[in-house]
Amino acid sequence: MATGTDQIVGLGLVAVSLIIFTYYTTWVILLPFIDSQHVIHKYFLPRAYAVAIPLAAGLLLLLFVGVFITCVMLKNQKVAKKAQ
């Protein structure tokens with residue numbers, strides 16, 4: 001069973017994810033249908049960032065996963081050499 005701290009952290013992560021999803025969905029799907037002079041546009045970045053930010057985040061994620069896998073494989077290789 002998860003502790004109270006784990007549940008609070010999990011709830012916080014879900015809340016942050018929901019806020020980001022709502023913001024991004026509004027930015028990408030709803031904003032193009034709202035007049036460009038409307039006041040709501042000042043709360044959002046230019047539309048070019050709607051592609052650039054997820055692309056950069058995806059590349060960083062792939063980089064971190066690749067580095068993690070490389071570190072684990074190198075560590076396992078060193079342990080296997082010591083065992084022989």
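Fair warning: this is a prediction, and the values are worked out from it, not measured in the lab.
The CD1 atom of I20 sits 10.5 Å away from the CD1 atom of I53 when rounded to the nearest 0.5 Å.
Ring-plane geometry between W27 and Y23 is classed as tilted, the angle between the planes lying from 30 to 60 degrees on a 0 to 90 degree scale.
By the rule that hydrophobic residues join a cluster once side-chain heavy atoms approach within less than 4.5 Å of another member, L13 and I8 end up as members of separate clusters. Grouping the Ile, Leu, Val, Met, Phe, Trp and Tyr side chains by contacts below 4.5 angstrom, directly or via other members, places F64 with V67.
Listed by first and then second residue, the side-chain hydrogen bond (donor to acceptor under 3.5 Å, both in side chains) pairs that reach into residues 42-62 come to none, sequence neighbours excluded. Applying the side-chain hydrogen bond (donor to acceptor under 3.5 Å, both in side chains) test to pairs two or more places apart or on separate chains, those with a residue in residues 4-22 are T3-D6.
When every heavy atom of I34 is checked against every heavy atom of H41, the shortest pair comes out as O-NE2, 3.3 Å.
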(request) Check the pair L31, I40 against side chain to side chain contact (heavy atoms under 4.5 Å, CB included), reporting the backbone distance first and the verdict last. (result) CA-CA 8 Å; L31 229 54; I40 197 168; 4.0 Å; yes
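Within the 4.5 Å cutoff, the side chain of Y24 has no heavy atoms near those of the I29 side chain. Here the side chains of M73 and T70 are not in contact, with every heavy-atom distance at 4.5 Å or above.
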